[in-house]
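This report refers to the structure that appears directly beneath it.
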Amino acid sequence: MNKRQAASTLAARLKLTSVLERIGSRPALAVLIYHRISKPEGHRYDTGVIEATPEQFDEQMGMLKKRHAVLDPDELTDVIVNPRKLRHLRVAVTFDDAYRDNYDHAFPILASHGLRATFFAPTHYLGTRYIPWWDQIAWAVRSAGKPELRLTYPTELTVRVDQRDPEPAIRAVIRAYTRGGPELDLARYLAAVEEACELRLPAEVNDRQFMSWEEAREMERGGMAIGSHTHSHGILANMSAADQKRECEESRARLKEGLLSAETLAYPVGNQKTFSATTIRCAREAGYRCAFSNYGGINVPEQMNPFDVRRIGMSLDVGVPELRMKLAVAGLARRELW
């Protein structure tokens with residue numbers, strides 16, 4: 001347990017969190033972002049995108065239902081485009097990537113609490129057995145069985161691998177790409193990983209990782225919303241304006257052809273280096289009503305940017321006491337301080 005977790009647990013035990021919640025909140029919007037709801041034990045792919053086990057997620061959603069005004073997808077879009085409607089702290093739940101466990105675990109848990117969320121889907125993966133590059137990397141590092149990996153691109157890098165705990169090595173190999181610039185070539189990077197691991201990366205797997213089109217439609221019928229996470233999940237800022245426009249338009253068109261709403265967009269990766277003014281223009285022209293980033297923060301009415309809606313990242317380490325404190329502080333300070 002880290003210091004923040006310990007402090008949050010103590011604050012809950014001493015009723016301090018309850019006092020902060022009762023004081024009231026100022027107008028603000030806190031949007032939570034998850035990727036996967038699963039158990040990390042025995043997971044073959046990237047555990048870094050597992051933000052909660054089903055049990056943790058159930059507990060978190062129960063707390064939100066009890067203590068906060070949670071927006072449904074239509075209400076979320078409405079307060080983003082009409083921020084003056086915010087009168088106090090409102091909370092929303094979103095998911096990126098449309099993994100199959102969103103359907104298997106998150107959907108029924110949300111429904112059991114009477115809550116609704118928005119799920120952003122990259123249409124290249126929806127209904128397929130493809131796996132994305134970050135899951136390919138995690139699979140390769142686990143499968144290689146090598147004590148050391150030597151990457152030659154994008155820079156010379158030697159990564160030590162502890163087979164009992166390969167997660168630090170997986171994170172290091174993934175960072176070698178994500179911390180690069182727009183000049184990086186993903187195909188060349190993946191080839192360098194194959195060389196280092198001495199194996200071929202799988203393009204498809206037998207255990208389908210992403211939800212199907214019918215599962216997505218069932219979720220919308222159940223009150224959820226399916227938004228766009230572009231088509232290929234490529235980093236938009238690294239693309240030409242024409243390619244960015246194509247990514248935004250193709251994803252929205254495919255979602256609509258699949259009888260899904262596709263009114264909102266989440267930028268892949270979502271940090272400030274991965275989208276630009278050109279990206280925002282392309283998203284507007286493609287017909288999206290708003291778009292979500294992923295670099296933290298609370299949204300306040302007077303500074304609301306409909307095409308840079310900030311979200312709070314979740315993780316396996318964030319339990320209910322810390323989430324309660326995080327939202328209680330956000331409601332008072334209108335900033336992500338905890």
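E218 is listed as a side-chain neighbour of F107, based on a closest heavy-atom distance under 4.5 Å. Proximity of F210 to Y130: side-chain heavy atoms (C-beta onward) are nowhere separated by under 4.5 Å. Residues R310 and V31 have side chains not in contact (no heavy-atom distance under 4.5 Å, counting atoms from C-beta outward). Put simply, the side chain of R311 reaches to within 4.5 Å of the side chain of T94, judged on heavy atoms. Residues S143 and L199 have side chains in contact (heavy-atom distance under 4.5 Å, counting atoms from C-beta outward). Using a 4.5 Å heavy-atom cutoff, the side chains of S240 and D243 are in contact. Within the 4.5 Å cutoff, the side chain of L64 has heavy atoms near those of the L327 side chain. The shortest side-chain heavy-atom distance between P27 and R87 does not fall under the 4.5 Å cut-off.
Listed by first and then second residue, the ring pair (Phe, Tyr, Trp, His ring centres under 6.0 Å) pairs that reach into residues 263-286 are Y267-F275, sequence neighbours excluded. The side chain to side chain donor-acceptor pair (under 3.5 Å) analysis of residues 186-199, with sequence neighbours excluded, yields the pairs E194-R200. Residue pairs meeting the ring pair (Phe, Tyr, Trp, His ring centres under 6.0 Å) criterion with at least one member in residues 278-328, sequence neighbours excluded: F120-F292. The stretch residues 105-117 participates, sequence neighbours left out, in these side chain to side chain donor-acceptor pair (under 3.5 Å) pairs: D58-H113. For residues 314-329, the side chain to side chain donor-acceptor pair (under 3.5 Å) pairs, not counting sequence neighbours, are S18-R324, E21-R324. For residues 328-338, the set of pairs meeting the side chain to side chain donor-acceptor pair (under 3.5 Å) definition, not counting sequence neighbours, comprises S8-W338, E302-R334.
Under a cut-off of 6.0 angstrom, the local environment of CZ in R175 is crowded, with over 12 non-hydrogen atoms contributed by other residues, nucleotides or ligands. Surrounding NZ of K15 are at most 12 heavy atoms belonging to other residues, nucleotides or ligands under 6.0 Å away.
No continuous path of hydrophobic side-chain contacts links V300 to V309 [ILVMFWY only; heavy atoms under 4.5 Å]. L29 and V81 fall into different hydrophobic clusters, where Ile, Leu, Val, Met, Phe, Trp and Tyr are joined by side-chain heavy atoms under 4.5 Å apart, directly or via other members. In the hydrophobic clustering of this structure, V79 does not group with L115; members are Ile, Leu, Val, Met, Phe, Trp, Tyr whose side-chain heavy atoms approach within less than 4.5 Å, directly or through other members. One hydrophobic cluster holds both I174 and L157 under the rule that ILVMFWY side chains link at heavy-atom gaps under 4.5 Å.
Salt bridge present: R171 and D46 bring a charged side-chain N and a carboxylate O closer than 4.0 Å. Salt-bridge formation is not detected for the pair D207/R100: no Lys NZ or Arg NE/NH1/NH2 atom is positioned less than 4.0 Å from an Asp or Glu carboxylate oxygen. A salt bridge links R217 with E214: the distance from a Lys NZ or Arg NE/NH1/NH2 to an Asp or Glu carboxylate oxygen falls below 4.0 Å. Salt-bridge annotation for E148 and R160: present, with a side-chain N of the basic residue lying under 4.0 Å from a carboxylate O of the acidic one.
Annotation for A262 and K256: closest pair CB-CG, 4.2 Å, computed over non-hydrogen atoms. Closest approach of P321 and A12 over heavy atoms only: CB-CB, 4.5 Å. When every heavy atom of L110 is checked against every heavy atom of A117, the shortest pair comes out as CD1-CB, 3.7 Å. Between M304 and I80, the shortest heavy-atom contact is CG-O, 3.6 Å. Taking every heavy atom of both residues into account, A286 and E249 meet most closely at CB-CG, 3.9 Å. Nearest heavy atoms, A192 versus T152: CB-OG1, 4.1 Å.
The residue from E257, E250, H231 that alone fulfils the side-chain hydrogen bond (donor to acceptor under 3.5 Å, both in side chains) condition with T123 is H231.
Side-chain atoms of E220 and S261 include a donor-acceptor pair closer than 3.5 Å.
Aromatic pair Y45/W134: ring centres not closer than 6.0 Å.
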Would you give me the side-chain donor-acceptor pairs under 3.5 Å for residues 32-40, sequence neighbours excluded?
unit_1, atom_1, unit_2, atom_2, d
Y34, OH, Q60, OE1, 2.6
H35, ND1, E51, OE2, 2.8
R36, NE, D101, OD2, 2.7
R36, NH1, Q209, OE1, 3.0
R36, NH2, D101, OD2, 3.0
R36, NH2, Q209, OE1, 3.0
K39, NZ, E55, OE1, 3.0
K39, NZ, E55, OE2, 3.3

Using residues 232-239 as the side-chain source, report each donor-acceptor pair under 3.5 Å to any protein atom, sequence neighbours left out, with the distance given to one decimal.
unit_1, atom_1, unit_2, atom_2, d
S232, OG, G234, N, 3.2
S232, OG, E247, OE1, 3.3
S232, OG, E247, OE2, 2.7
H233, NE2, D97, OD1, 3.1
H233, NE2, H229, NE2, 3.2

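Between the side chain of T274 and the backbone N or O of N271 there is at least one donor-acceptor pair closer than 3.5 Å. Judged by distance alone, the side chain of N82 and the main-chain N or O of K85 form no donor-acceptor pair under 3.5 Å. For the pair S251 (side chain) and T230 (backbone), a donor-acceptor distance under 3.5 Å is present. When atom types are taken as modelled, the side chain of W213 and the backbone of L126 share a donor-acceptor pair closer than 3.5 angstrom. In this structure a side-chain-to-backbone donor-acceptor pair under 3.5 Å is missing from T77 to D74.
Separating the CD1 atom in I312 from the CG atom in N294 is a distance of 11.0 Å, to the nearest 0.5 Å. Atom CD1 in I280 sits 12.0 Å away from atom CD in E285 (nearest 0.5 Å). Taking CZ of R84 as the start and CG of L86 as the end, the distance is 12.5 Å to the nearest 0.5 Å. Rounded to the nearest 0.5 Å, atoms CE (M224) and CE (M219) are 6.5 Å apart. Expressed to the nearest 0.5 Å, how far OG1 of T158 lies from CZ of R150 amounts to 5.5 Å. With rounding to the nearest 0.5 Å, the separation of CD in E59 from CD1 in I109 is 11.5 Å.
Cluster partners of L10 are L14, counting Ile, Leu, Val, Met, Phe, Trp and Tyr whose side-chain heavy atoms approach within less than 4.5 Å, directly or via other members. I50 belongs to a hydrophobic cluster whose remaining members, ordered by chain and number, are L316; membership requires side-chain heavy atoms of ILVMFWY residues under 4.5 Å apart, directly or through intermediates.
A search for side chain to side chain donor-acceptor pair (under 3.5 Å) contacts involving R164 returns D162, not counting sequence neighbours. Scored by the ring-ring contact (aromatic ring centres under 6.0 Å, His included) test, F119 finds F95 as partners (sequence neighbours excluded).
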Given the rule in the side chain to side chain contact (heavy atoms under 4.5 Å, CB included) test, do V70 and K65 qualify, once you have shown the distances and angles that lead to the verdict?
CA-CA 7 Å; V70 182; K65 178 68 174 182; 5.9 Å; no
- Determine, step by step, whether D96 and V49 satisfy the side chain to side chain contact (heavy atoms under 4.5 Å, CB included) criterion, reporting the C-alpha distance in whole Å, the side-chain angles of both residues, the deciding distance to 0.1 Å, and the verdict. CA-CA 10 Å; D96 281 7; V49 292; over 6 Å; no
